[in-house]
Structures are given as structure tokens and as C-alpha cells.
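In what follows, a single structure is set out as C-alpha cells and then discussed.
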Amino acid sequence: MYRHLERRLAQRVLECLQRRYPDAALPNIVIEQPPKVELGDYAIPVFPFAKPLRSAPLKIAEAIRSEIGPIEGIAELKVTPPGYLNIRIDRAWLAATLARDQRAPAEAPSGKILVEHSSINPNKAAHIGHLRNAILGDTFVRLLRYAGREVDVQNYIDNTGVQVADVVVGFTHLEKKSRAEIEALSRQPRFDYHCWDIYARVSQWYEQDKANQKARLDTLHAIEQGANEPAAIADLISTAVLRRHLETMDRLDIEYDFLPRESEILHLHFWDAAFQKLKQTGVLSYETEGKNKGCWVMRRAGTGRAAVGSITTPQEPEASDNEPTAERVSEEDQKVIVRSNGTVGYVGKDIAYHMWKFGLLGRDFGYCKFYRYPNQHDCWISTTAGQKDHPHFGDVAEIYNVIDARQSEAQSTVIEALRGLGHDEAAGHYTHFSYEMVALTPRCAAELGYFLSDEDKSRSYIEVSGRRGFGVKADDLIDQLIASAQKEVDSRHPELADEERLQIAAQIAIGALRYFMLKYTKQSVIAFDFKEALSFEGETGPYAQYAVVRATSIFKKAGLEAENFAPSNSTEEFTQFLNHASGNEIWELWLAASKTAYVVDQCIATTEPAYLAKHVFQLAQLFNTFYHRHPILSEPDEKRKQFLLMTVAVARRELIRALAIMGITVPSVM
RNA sequence: GGGCCCGUAGCUCAAUUGGAUAGAGCAUCGGAUUUCUAAUCCGAGGGUUGCAGGUUCGAUCCCUGCCGGGCCUACCA
């Protein structure tokens with residue numbers, strides 16, 4: 001509602017200015033929120049208009065105020081020095097629409113969106129870095145769906161890479177295990193943990209003696225060839241680990257629709273199709289000399305073709321047909337896509353894959369069902385042949401790739417390739433949802449028993465490394481969070497059944513974890529620390545959950561249902577209570593409650609879910625203050641009591657709603 | 001060397017993308033009607049926003065130059 005009202009206001013101010021200054025070129029109207037509610041609910045700085053309209057800011061503000069006329073939902077406009085137009089919402093009007101849960105009509109554009117996230121190599125257990133990725137991605141999916149968009153969720157599986165080969169080598173060469181033995185192991189509950197250790201051991205083993213790396217190369221080649229023992233073992237391992245990843249993410253309510261695998265991109269020859277087009281359009285050029293002799297290369301993204309192109313002079317000779325790229329790219333700026341031995345690197349495969357995403361490749365995967373979630377939702381996986389009936393994946397209007405900032409150059413290269421192929425629109429709808437990594441604080445690393453050099457100890461954080469087995473496993477962290485929450489629940493609610501206490505502890509743990517991963521802005525490196533991650537107080541998920549539990553318990557005690565509560569107040573009474581001298585602080589709560597849709601829009605536009613976390617916290621904080629100041633059930637004035645109850649019902653509803661978008665549910669009691 | 005990101009309270013982070021007196025949590029200290037449950041609330045201290053210039057009505061935010069830190073920069077995936 002807040003968003004809706006803001007748009008209406010902006011429109012009216014624009015019309016008003018256009019009427020008064022028909023010839024002036026108007027700058028954009030910026031609507032902000034004043035630093036204090038006492039000033040108003042919206043603020044328009046008038047300074048930017050002073051120059052184009054050749055008038056003093058205060059004069060312009062006054063002109064708008066006196067000429068704009070009445071606006072539904074707006075109570076008052078006020079001119080404030082040095083040059084602000086402060087606007088007050090009609091409190092009773094907003095409260096009434098909120099009480100009815102009347103939402104602005106959806107105006108979502110059509111077109112399917114593909115969000116890809118997680119993409120964990122299927123050779124070891126997921127760690128906290130993967131958790132940040134999956135939680136950011138899943139929350140973004142929820143944001144889009146809340147805004148009315150249709151979304152497919154994909155998790156890309158690189159099951160043919162060298163990391164998988166390494167684990168195969170570990171099992172076959174270090175542990176001397178047969179395929180049958182590995183298969184038995186893979187059915188154990190935390191097979192991915194076993195792989196985690198083996199992966200770290202193999203990496204050490206390679207370093208001990210370079211000759212050991214021969215096993216790695218042989219295994220990698222065998223896997224690429226297919227139809228042999230190492231390939232079968234690789235498939236066995238990667239599939240089992242993938243299942244584990246899906247289970248881990250399912251603990252956090254994170255689900256996928258489709259798992260495209262690199263093996264199919266290989267076997268279904270996606271690259272061949274892409275390669276043809278890339279050669280035809282001159283995106284790739286063949287190097288005949290220098291260090292990249294014999295390779296097909298691309299210009300590295302951001303190395304200046306655009307700048308050169310924009311000042312191209314007409315007398316420059318046109319490129320002839322057999323030489324599509326006349327422009328020579330310096331070695332520094334070359335990105336090798338196809339090696340001199342004819343094999344394609346991962347960026348090349350990624351280009352082909354993204355052509356498929358936009359329906360530009362002319363080929364498709366085979367599909368079969370792979371995993372069924374407890375709620376009966378099916379997750380599909382790519383295969384060469386596949387089932388006849390399957391949902392239609394790919395061929396989407398927009399994509400978001402949730403991948404950490406280290407991959408931004410590769411992502412830009414794929415976008416540039418799409419552009420070079422002439423798919424500017426697709427390139428424009430390709431968003432690299434970039435975020436910074438999760439690292440460990442030196443203290444945390446020491447707690448986990450890792451050896452630290454003096455240099456490491458002086459750093460503010462240390463990067464995790466799967467190869468070195470250095471990091472915090474996702475399931476371990478979730479287990480710890482649940483155990484820690486369980487201790488609290490046990491002491492607070494000994495009367496509840498074991499099963500119920502565990503259920504509550506799990507909800508709190510997930511709330512704490514998801515909130516923790518979302519409260520930092522994307523570009524901030526999270527220096528992971530158990531103390532902060534395990535905290536249930538202050539700016540945390542449980543803080544917000546607790547606010548909802550309090551709200552619920554008021555209604556429980558009153559014998560009412562929060563969901564269906566309708567107050568008997570008249571509009572005049574709403575006005576009276578909201579405009580009361582002490583009413584500002586209650587109004588702030590209503591105002592915050594009206595902002596959910598506004599914040600969701602903001603999160604989507606900026607691909608920044610942290611705003612939602614901030615909104616949830618602010619709402620919970622305002623509610624807790626309100627809760628503390630106003631005893632409700634003992635309120636003697638029945639009219640006022642009704643009003644206070646409605647305030648609780650609305651705050652509770654919006655908190656539950658916003659938490660749900662973050663993937664957080666609320667326990668019955670805490 | 002080149003590209004991207006970061007530097008804000010003791011610590012971890014915000015600041016609606018150029019707006020009003022730079023805000024939260026943690027930590028520290030001091031308090032809260034035996035109440036709709038204290039996983040809560042109230043209060044206090046804590047700041048030359050890395051440094052130096054510039055742009056303008058206005059700069060934590062934009063520009064330039066330094067200082068410090070991180071990531072990327074493989075014919076690995």
C-alpha cells in the first residue's frame with residue numbers, strides 16, 4: 001500500500017508541475033522517507049527543481065502544496081525549510097486498507113524467469129559458502145514469486161569435472177575400494193562427509209608426489225570417454241552426493257525444479273551447436289601465432305571493444321566476409337574458449353548452456369524425475385534420453401545466476417558472447433546475481449582445530465577451501481543450531497512432547513541461519529563466527545519469530561483468531577487513536593507494516609534481499625516496543641482495545657508474510 | 001602490471017543509491033509495574049565515515065591522487 005500511495009503521489013506532483021511549468025524540462029521526482037515520522041511519511045526534496053524552474057526551492061514547494069488539490073490517502077502537504085515538501089498519509093485511510101488487507105493490484109510483467117543457484121560440485125559436502133548462495137537464491141525466488149512472477153529454479157551440476165575425478169581417485173587408489181564397496185558406502189547417511197575427507201586427502205597425496213597426478217589425468221579421461229569403471233564410479237559418487245545436497249537444502253526449505261548436468265551438455269553436443277554459431281558470427285577467432293596459437297579465443301569482457309567501436313570512423317575498411325573479426329585482440333585480452341587440442345573449456349560450455357536457457361540453441365535436454373520432496377513436488381534432472389512427458393524448461397525471458405563475485409569475469413564473458421551473437425535482448429535480461437564469499441575468522445578457524453600461520457592469524461578472515469578440507473560443513477552448522485535451540489526450548493517448555501520441541505528447535509535454527517545469511521548486504525564478505533551465527537538475540541531470525549509468537553499469544557489468551565480478526569471501530573475512532581498525542585509510535589508500526597510490497601520491489605530491483613531482512617527487523621522491533629508499552633488485554637476502554645488488537649493482527653500478519661519470503665516459518669510457542 | 005570490490009563506534013554491519021542531527025546489533029555499564037512469557041524493553045558511554053584535494057545549495061555515497069585489505073587475471077572446472 002505504501003508503494004501504491006507513493007506512485008500516486010509522484011504522478012500527481014508531476015502533473016501539478018507540468019501544469020504550472022509547461023515548458024520546463026523536469027528532473028525526476030525523488031520521493032524519500034523523512035528521517036523522523038514527526039516530519040511526515042514521504043518527503044520530496046525540491047532543490048533539484050530550483051535551477052530548471054528558475055525559482056527558489058521554498059517557492060516551488062509552496063506552489064505544489066497549494067495547487068495539487070486533494071489526493072486520496074494523503075492528508076497533508078507541508079513545506080519545510082530549507083526545501084522539502086513533507087507529506088503526511090491519511091492515517092485512518094491507510095489503516096483501513098491494511099486492516100482489510102486490501103492490496104494494490106499486481107502489475108507483474110509476464111515472461112518466465114529462471115533463477116539458478118547452489119551449483120555445488122557433487123564431490124563433497126556442502127559448506128557455509130554454499131549456504132549463503134542457496135539462501136540468497138531461494139529468497140530471491142520467493143521475492144519474485146511474491147511479486148507475481150513465474151519462476152523456474154535450477155541447480156547446475158558439474159558432474160564431469162576434475163573435482164569428481166579426484167574423489168574417484170581417492171576411493172580407488174587411496175582407499176582401494178571396489179565399486180560395490182563404494183556403492184555400499186554411498187548409501188550411508190552422510191556419504192558427502194566421507195567424500196569431503198577423501199577429497200582433502202587426495203589433494204595432499206597429489207602434492208606429496210607429482211607422479212600421483214597421473215592417476216588423476218587417467219581417471220579424468222576415462223570419465224570423459226564414458227562406459228567404463230571409473231566413469232561408473234564417478235556417476236555413482238556424484239549422484240549420491242547430489243542427493244545429499246538436495247537433502248541438506250531441503251532442511252532449509254530450499255527446493256529445485258530442474259538439475260541440468262554438465263554430462264548432458266557434453267553428450268548432447270550443446271557445444272557443437274554453439275561453436276558453429278560463434279564461429280559464424282565472429283565472436284570467436286582462431287589464433288595463428290603467439291602463446292595461444294591453435295586456440296579459438298574471445299575478447300575478454302570489459303577490455304575495450306565498445307570504446308573502440310563507438311569512435312569508429314567511416315573510412316575504416318569494412319571487414320570482408322571470410323574474415324568476420326578484422327580487429328586483432330591483444331594476447332592479454334584473449335580468453336581461450338577452445339584449446340589447441342580441440343577441447344572446450346568451461347566458459348564455452350557455459351555459453352552453450354546459456355543459449356539453451358534463452359531458447360537460442362536449437363537443442364534440448366532429455367528429462368527424468370530425480371527427487372520427490374515431502375510435499376510431492378518433483379525435481380527433474382537432465383538425461384540423454386529421458387521421459388516423454390515432462391515440464392518445459394529453459395526458453396525463458398529473464399535469467400538470474402546466483403554465483404559469487406569471483407566468477408564475475410566469466411559471467412561477463414558469457415554475456416558478451418550473447419551480445420556478439422546478436423542476442424542483445426537476451427544479454428540485457430541476463431543478471432549475474434553477485435555476492436561475496438563466506439570466510440572464517442581466524443578465531444573460528446582455530447576453534448575448528450586448523451593450523452594457522454602467523455600471517456593467517458593477522459588477517460580479518462580466511463577463505464574456505466574444499467580442496468584443503470578447510471571450512472564449516474552446512475549440515476554440521478544446522479545440527480549445532482538445532483542443538484542450541486533445543487536446549488532453550490527444553491528448559492522453557494518441558495511440558496511439550498519431544499517431537500514438538502524438536503520441531504520448534506528446527507524452526508528456530510532455520511530462522512536464525514536464514515536470517516544470518518540474509519542480513520548482510522551482498523558485497524560484504526561474511527567473516528563467519530559461531531558466536532554470531534548461533535546467536536538468537538538482537539538482530540536475528542528468532543527475534544522476529546518471537547515477536548510473532550507474542551502477537552499470537554495475545555489472541556490466544558483473548559480467545560480470538562488473529563487471522564480473522566475484524567475490529568468494531570469506526571473510521572473516526574481509527575483517526576482518533578492514530579492521531580493521538582502518543583499515537584506517533586503506534587502509527588510508525590502501521591506505517592512499517594504497510595511497506596512489505598514496497599520493500600519486495602526494492603529487493604528485486606536491486607537484487608538485494610538484505611533490505612527485506614532489515615524490514616523484518618524494523619517491524620519486529622517496533623512491535624516489541626509497542627507490546628511493551630501497551631497492555632492490551634487489560635485495556636479498560638473497549639474501543640481502544642479493539643484498535644490495539646487490530647494493530648497486533650496487522651503487524652503479525654505482515655511479519656509472517658515477510659518472514660515467509662525469507663523462507664522462515666514461525667513456531668507455535670517459543 | 002590490468003580489472004572488480006571494500007575501508008563507517010571496541011567488534012560485526014546499516015545508511016532508502018547525492019538529502020534533514022551518520023543508525024542498528026553485539027560487547028560494557030545502569031535500570032524495567034511478579035505482565036499479553038525477559039529469546040523482551042528503557043537508558044548511558046562510544047564517530048575528524050582510511051588520508052588529501054575536487055565537483056555543488058548539500059558528499060559516507062560522485063571525480064582525482066595517495067594509504068591499507070580482498071578477489072579475479074590458467075590451453076583447471
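Every chain is numbered from 1, with letters handed out A, B, ... down the list of sequences.
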List the residues meeting salt bridge (charged side-chain N to carboxylate O under 4.0 Å, His left out) with A:Asp601, not counting sequence neighbours, and say none if there are none. A:Arg3, A:Arg7
Polar atoms only, N or O, under 3.5 Å: list the protein pairs with nucleotides 27-33 of chain B and their distances.
none

Sorted by chain and residue number, the ring pair (Phe, Tyr, Trp, His ring centres under 6.0 Å) partners of A:Phe530 (sequence neighbours excluded) come out as A:Phe528
Would you please classify the geometry between the A:Phe623 ring and the A:Tyr627 ring as parallel, tilted or perpendicular, with 30° and 60° separating the classes? tilted
Could you list the residues that satisfy side chain to side chain donor-acceptor pair (under 3.5 Å) with A:Glu495, not counting sequence neighbours? A:His493
Any residue meeting salt bridge (charged side-chain N to carboxylate O under 4.0 Å, His left out) with A:Glu463, in chain and number order, not counting sequence neighbours: A:Arg406
Tell me, please, which residues at least two apart from A:Arg132 pass salt bridge (charged side-chain N to carboxylate O under 4.0 Å, His left out). none
Qualifying residues under ring pair (Phe, Tyr, Trp, His ring centres under 6.0 Å), relative to A:Tyr286, sequence neighbours excluded: A:Trp296
Residue pair A:Gln621/A:Arg406 against RNA chain B: nearer the 5' end by closest nucleotide is A:Gln621
Got a sec, which residues hit ring pair (Phe, Tyr, Trp, His ring centres under 6.0 Å) with A:Tyr611, two or more places apart in sequence or on another chain? none
Contacts of type ring pair (Phe, Tyr, Trp, His ring centres under 6.0 Å), residue A:Tyr84, not counting sequence neighbours: A:Phe47
Syn or anti for B:U17 (syn when the glycosidic angle lies within 90° of 0): syn
Mind checking which stems touch RNA chain B? I mean at least 3 consecutive Watson-Crick or G-U pairs, both distances under 3.5 Å. B:1-7 with B:67-73, B:10-13 with B:23-26, B:28-32 with B:40-44, B:50-54 with B:62-66
Listed pairs, N/O of protein and of nucleotides 73-77 of chain B, under 3.5 Å:
| unit_1 | atom_1 | unit_2 | atom_2 | d |
| --- | --- | --- | --- | --- |
| B:A74 | OP2 | A:Arg300 | NH2 | 3.4 |
| B:C75 | O3' | A:Arg339 | NE | 3.4 |
| B:C75 | O2 | A:Ser340 | N | 3.1 |
| B:C75 | O2 | A:Ser340 | OG | 2.9 |
| B:C75 | N3 | A:Ser340 | OG | 2.6 |
| B:C75 | N4 | A:Lys291 | O | 3.1 |
| B:C75 | N4 | A:Lys293 | O | 3.2 |
| B:C76 | OP2 | A:Arg339 | NE | 3.2 |
| B:C76 | O3' | A:Arg339 | NH2 | 3.3 |
| B:A77 | OP1 | A:Arg339 | NH1 | 3.3 |
| B:A77 | OP1 | A:Arg339 | NH2 | 2.1 |
| B:A77 | OP2 | A:Arg339 | NH2 | 2.3 |
| B:A77 | O3' | A:Asp158 | OD2 | 3.4 |
| B:A77 | O3' | A:Glu262 | OE2 | 2.9 |
| B:A77 | O2' | A:Asp158 | OD2 | 2.0 |
| B:A77 | O2' | A:Gln163 | NE2 | 2.8 |
| B:A77 | N6 | A:Tyr346 | OH | 3.2 |

Atom pairs, N/O to N/O, protein against nucleotides 5-7 of chain B, distance under 3.5 Å?
none

